[in-house]
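Report on one structure; see the data block that follows.
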Number of protein chains: 2
Amino acid sequence: MDKKKDISMAVIKRLPKYYRHLAELLRNDVDRVSSKELSEKIGFTASQIRQDFNCFGGFGQQGYGYNVKELYNEISHILGLDKKYSTVIIGAGNIGQALANYSRFDKFGFDLKAIFDVNPKLIGMRIKDVEITDLDQMESFLAENKVDIGIICVPQAQAQKVADLLVDNGVKGIWNFAPLDIQVPENVSIENVHLSESLLTLVYLMNDLDK
Amino acid sequence: MDKKKDISMAVIKRLPKYYRHLAELLRNDVDRVSSKELSEKIGFTASQIRQDFNCFGGFGQQGYGYNVKELYNEISHILGLDKKYSTVIIGAGNIGQALANYSRFDKFGFDLKAIFDVNPKLIGMRIKDVEITDLDQMESFLAENKVDIGIICVPQAQAQKVADLLVDNGVKGIWNFAPLDIQVPENVSIENVHLSESLLTLVYLMNDLDK
DNA sequence: TAGATTGTTAATCGATTAACAATC
DNA sequence: TAGATTGTTAATCGATTAACAATC
């Protein structure tokens, strides 16, 4: 119920970076940080950092800067990391398995509830105590378990169909690794991760430097 | 030796999306496409699409639109996909293995030459005909083999060191999956992929909708 | 030729940076 | 108090959109 203006996507995309760098300062027992110091560390201008924080309210103190712990907590809250999220992975191929095994996400409070696949060779296998289940059973699973986020790791041809099924069964966030842009209704959030596009960007930049 | 102005990063990031959609049109045997049609498919405005293409020269024809095959070839060339790239993966954990297995990249002309790790349990294992080799041997490998791109999948603490080693041995592109921003000299290109940041963005957007 | 659609210039919009008064 | 640094407004910069003449 925050009285929040519309935050631009540019700002939103920077929030996780602030979060990451503040977590690091916290690990290093740094108590306070100025926008100038943060600027040198993150690579945004000090002005931009102050503007960004002020989208959400004044967290700093003139003449002092920002209290690291406090700022970290504020940004955690803004991102919604003071809550837990239940997830399911659909598609237990290379990427699905890698994400299931990736322990980094547990620490943020993400809880992997199930992994689904259609491949009989994979069904029954366990990854980190989570059994790979037949995709046929996903709908009934979603009916019985509240799932916040669906992580789509199936091939392109199946991805939109899987997303529709998730959305129809109450999932409110889709993290998509299939190489297409998944369409969702406007009460559902989507992040499309396009690894190939990132690699192609790198290749462009490499060739650009040769000019 | 193109007479190219400075292309903004916003445009560069859209190029792989054009490439992907044009490849799809090509698969579906579509011969021609107007900026308006492409606009409906990709979700950028027709005006932006024409502006973007005109950064690189006029590929279209008034009254007709764009020839799909021709435009696809142009963008392939702009991205540098008419060349082959040799790659190495450093870190054969979850993500490293997933990327090594991911066949999508082969199709673009990326050729995985080696996989390095420090873990004796992994060394000697094969992924897709590529043997996992002791990281100790990377320097001599790079001396003997031209490698274009190093894909970093090691933990955060080792990532910058690995990047430095790659750069010192002539690698000109770094694709980084470790959760930090790798620093490289300006004659080297870098793409940092931050999966956690993407997930945190999703969570923010989910909470934002609840407001 | 008439209709369609580009290439390109001009107008608008939004995001970043600069500046500085407020204040700790 | 004097020095430092925020919060915030104003100026600048860049990217997107609109418009339309050129032309296929």
Side-chain angles (χ1 to χ4, degrees), chain A residues 2-18 21-22 25 30-75 78 201 204 208, chain B residues 2-18 21-22 25 30-75 78 201 204 208:
Chain A
D2 295 319
K3 62 154 180 50
K4 62 162 57 175
K5 325 119 211 174
D6 266 347
I7 307 297
S8 80
M9 198 46 92
V11 175
I12 295 170
K13 292 274 176 193
R14 284 192 292 266
L15 291 174
K17 285 206 194 291
Y18 291 125
H21 284 273
L22 288 165
L25 289 173
V30 178
D31 286 333
R32 52 174 277 198
V33 69
S34 68
S35 57
K36 183 152 176 294
E37 287 161 341
L38 209 46
S39 156
E40 281 152 16
K41 185 167 162 57
I42 307 199
F44 309 150
T45 65
S47 193
Q48 180 166 67
I49 290 170
R50 292 202 300 280
Q51 287 272 25
D52 283 356
F53 292 166
N54 276 85
C55 293
F56 303 97
F59 304 143
Q61 192 171 306
Q62 279 106 325
Y64 174 88
Y66 300 87
N67 177 293
V68 173
K69 178 75 188 156
E70 203 179 300
L71 186 57
Y72 172 83
N73 286 340
E74 287 287 357
I75 293 189
I78 291 164
T201 302
Y204 175 89
D208 200 33
Chain B
D2 296 320
K3 61 156 177 68
K4 62 162 57 174
K5 325 118 210 175
D6 266 348
I7 308 297
S8 80
M9 198 45 93
V11 175
I12 294 169
K13 292 275 176 192
R14 284 193 292 267
L15 291 175
K17 286 206 193 293
Y18 292 125
H21 284 273
L22 287 165
L25 289 175
V30 178
D31 285 333
R32 52 175 275 195
V33 69
S34 68
S35 57
K36 182 153 175 289
E37 288 161 340
L38 209 46
S39 156
E40 280 151 18
K41 185 168 163 56
I42 306 198
F44 310 150
T45 64
S47 193
Q48 180 166 68
I49 291 170
R50 292 202 301 278
Q51 286 273 23
D52 284 355
F53 292 166
N54 275 86
C55 293
F56 302 97
F59 304 144
Q61 193 169 305
Q62 280 107 324
Y64 173 88
Y66 300 87
N67 178 293
V68 172
K69 178 74 189 159
E70 203 180 299
L71 187 55
Y72 173 83
N73 286 340
E74 287 288 357
I75 293 189
I78 292 164
T201 301
Y204 174 90
D208 199 34

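Computed from a predicted structure; not experimentally measured. Just so it is clear: chains get the letters A, B, ... in the order the sequence lines come, proteins before strands, and each one is counted from 1.
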**Message:** D/dT6, OP1 or OP2 - any side-chain N/O from A/Arg50 closer than 4.0 Å?
**Reply:** yes

**Asked** Does OP1 or OP2 of D/dA4 have a side-chain N or O of A/Gln62 closer than 4.0 Å?
**Response** no

**Prompt:** Any side-chain N or O of B/Tyr66 less than 4.0 Å from the OP1 or OP2 oxygen of C/dG7?
**Reply:** yes

**Prompt:** Expressed in angstrom and rounded to an integer, what is the separation of A/Glu70 atom CD from C/dC24 atom C1'?
**Reply:** 14 Å

**Message:** Give me the atom names and distance for the closest heavy-atom approach of A/Tyr18 to A/Gln48.
**Reply:** OH-O, 4.2 Å

**Item:** Identity of whatever pairs with C/dC24 - Watson-Crick or G-U, under 3.5 angstrom
**Value:** D/dG3

**Request:** Give a yes/no on whether any side-chain N or O of A/Arg32 is located under 4.0 angstrom from OP1 or OP2 of C/dC24.
**Result:** no

**Identity of whatever pairs with C/dA19 - Watson-Crick or G-U, under 3.5 angstrom** = D/dT8

**Request:** Classify the angle between the aromatic ring planes of B/Tyr66 and B/Phe53 as parallel (below 30°), tilted (30 to 60°) or perpendicular (above 60°).
**Result:** perpendicular

**Item:** Which nucleotide in D/dA19, C/dT17, C/dT6 has an atom nearest any side-chain atom of B/Ser47
**Value:** D/dA19

**Request:** Give the rounded distance in Å between these two atoms: CZ of A/Phe44 and P of C/dA18.
**Result:** 16 Å

**B/Val33, B/Ile42, B/Val68 screened by side chain to side chain contact (heavy atoms under 4.5 Å, CB included) with B/His21, the one that passes** = B/Ile42

**Asked** Can you name the nearest heavy-atom pair linking A/Ser35 to A/Arg50, along with the distance?
**Response** OG-NH1, 3.0 Å

**For atom CG of B/Asp52 and atom C1' of D/dA15, their distance in whole Å** = 10 Å

**Complete:** When A/Gly63 and B/Tyr64 are each assigned the nearest nucleotide of DNA chain D, the 5'-most assignment goes to A/Gly63

**Message:** Measure CG/B/Leu38 against C1'/C/dT5 and give the value in whole Å, please.
**Reply:** 13 Å

**Asked** Would one find a side-chain N or O of A/Thr45 under 4.0 angstrom from OP1 or OP2 of C/dT16?
**Response** no

**Asked** Is there a donor on the side chain of B/Glu37 or the base of C/dT5 sitting less than 3.5 Å from an acceptor on the other?
**Response** no

**Request:** Can you check whether any acceptor in the base of C/dT23 is under 3.5 Å from a donor in the side chain of A/Gln61, or vice versa?
**Result:** no

**Of B/Ala46 and A/Gln48, the one whose closest DNA chain C nucleotide lies more 5'** = B/Ala46

**Message:** I'd like to know if A/Gln51 reaches the base of D/dT9 with its side chain such that a donor and an acceptor end up less than 3.5 angstrom apart.
**Reply:** yes

**Between D/dT5 (C1') and A/Phe59 (CZ): distance, integer Å** = 17 Å

**Message:** Less than 4.0 angstrom from a charged side-chain N to a carboxylate O is my criterion; do B/Glu37 and B/Lys41 meet it?
**Reply:** no

